[in-house]
Amino acid sequence: MPGRQAAFRADYRERIAPAYAGWAHVALIAVLGAAAIWVCARQITAPAWYEWLVIPFAFCASNVFEWWIHKTVMHRPVKGLMGIYRRHTLAHHEFFTDVEPTLDNSRDFRIVFFPPYALVAFMTMSLVPAFVLGQAGLANAGWLLLITNTGLYLNYELFHFCCHVKNDSVVRRIPLVNSIRRHHIAHHNPAIMMERNFNLTYPVADWFFGTSDLKCGLVKHIFNGYDTAAVRRDLKRAGTP
Ligand SMILES: [Zn+2]
Ligand SMILES: [Zn+2]
């Protein structure tokens with residue numbers, strides 16, 4: 001591990017509160033998310049066929065949002081949102097590099113999972129379009145939108161964890177998860193982190209906007225796994241398999 005990364009890790013770990021419990025952090029996110037999905041699901045009554053169309057729409061919108069917020073707010077200092085930039089670019093990317101992208105124990109969850117209030121913030125943002133749908137007489141679509149967005153948030157946290165977990169003997173065999181693990185670990189190369197691989201669930205927006213380190217089609221992007229054959233030649237790190 002590079003000396004700078006090792007020094008950052010030692011300093012960061014020293015500053016994690018002694019009372020911090022990684023699994024409690026994860027449980028809180030999971031319980032909050034599952035409760036929100038359960039509450040929303042109970043409100044749905046006989047949706048019309050066209051109300052289900054909100055799910056693919058929300059999937060695409062969330063995928064672009066995830067790409068956009070990572071590319072802009074998380075990697076560029078934006079006035080009023082500096083905390084997010086500091087936490088991501090100046091902490092998460094110092095703690096994990098493409099040379100050593102894995103966590104050592106559950107206390108390191110502190111630097112992988114977002115604080116639980118981030119989930120509440122994203123759910124609150126989703127309330128706006130859901131309310132508009134409700135006002136337009138599409139209340140079921142509004143609830144389905146909230147469920148989809150909350151589900152994708154949990155999906156994001158789970159996949160990001162799978163990117164940084166130490167033992168990859170399981171995740172390297174799971175389709176989609178292995179693709180995002182390679183995709184995200186490449187993003188942790190400081191030389192390309194500002195320009196490439198911003199998706200954390202499915203690399204759809206990276207493919208669409210041309211910010212992926214791969215030069216191939218959408219299906220190959222999603223099911224690429226650990227394959228580095230399609231990595232753009234100028235982005236291949238010397239020595240990477
Ligand atoms: Zn990461
Ligand atoms: Zn990043």
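Residue numbers run from 1 in the order of the sequence given. Atoms within a ligand are numbered from 1 in the order they appear, just like the ligands themselves.
For the pair NE2 of H70 and NE2 of H88, the angle whose vertex sits at the Zn ion (ligand 2) is 90° to 10 degrees.
Under the rule for a side-chain contact (heavy atoms from CB on, under 4.5 Å), the partners of N105 that lie at least two apart in sequence or sit in another chain are R107, D108.
Using a 4.0 Å cut-off between a side-chain N of Lys or Arg and a carboxylate O of Asp or Glu, R182 and D213 qualify as a salt bridge.
Formation of a donor-acceptor pair under 3.5 Å by the H25 side chain with backbone atoms of F114 is found in this model.
The two residues I180 and Y202 come nearest to each other via the heavy atoms CD1-N, 4.3 Å.
Within the sub-2.8 Å shell of the Zn ion (ligand 1), the protein contributes these N/O/S atoms: H92 NE2, H160 NE2, H164 NE2, H184 NE2, H188 NE2.
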For residues 74-86, which side-chain donor-acceptor pairs fall under 3.5 Å, sequence neighbours excluded?
{"from": "H75", "atom 1": "ND1", "to": "T89", "atom 2": "OG1", "distance (Å)": "3.1"}
{"from": "H75", "atom 1": "NE2", "to": "H70", "atom 2": "NE2", "distance (Å)": "3.2"}
{"from": "H75", "atom 1": "NE2", "to": "H88", "atom 2": "NE2", "distance (Å)": "3.2"}
{"from": "H75", "atom 1": "NE2", "to": "H93", "atom 2": "NE2", "distance (Å)": "3.1"}
{"from": "H75", "atom 1": "NE2", "to": "H187", "atom 2": "NE2", "distance (Å)": "3.1"}
{"from": "R76", "atom 1": "NH2", "to": "M194", "atom 2": "O", "distance (Å)": "3.2"}

Review item, side-chain donor-acceptor pairs of residues 124-146, under 3.5 Å, at least two apart:
{"from": "T124", "atom 1": "OG1", "to": "V120", "atom 2": "O", "distance (Å)": "2.6"}
{"from": "S126", "atom 1": "OG", "to": "F122", "atom 2": "O", "distance (Å)": "3.1"}
{"from": "S126", "atom 1": "OG", "to": "N149", "atom 2": "ND2", "distance (Å)": "3.0"}
{"from": "N140", "atom 1": "OD1", "to": "T45", "atom 2": "N", "distance (Å)": "3.0"}
{"from": "N140", "atom 1": "ND2", "to": "T45", "atom 2": "O", "distance (Å)": "2.9"}
{"from": "N140", "atom 1": "ND2", "to": "E51", "atom 2": "OE1", "distance (Å)": "3.4"}

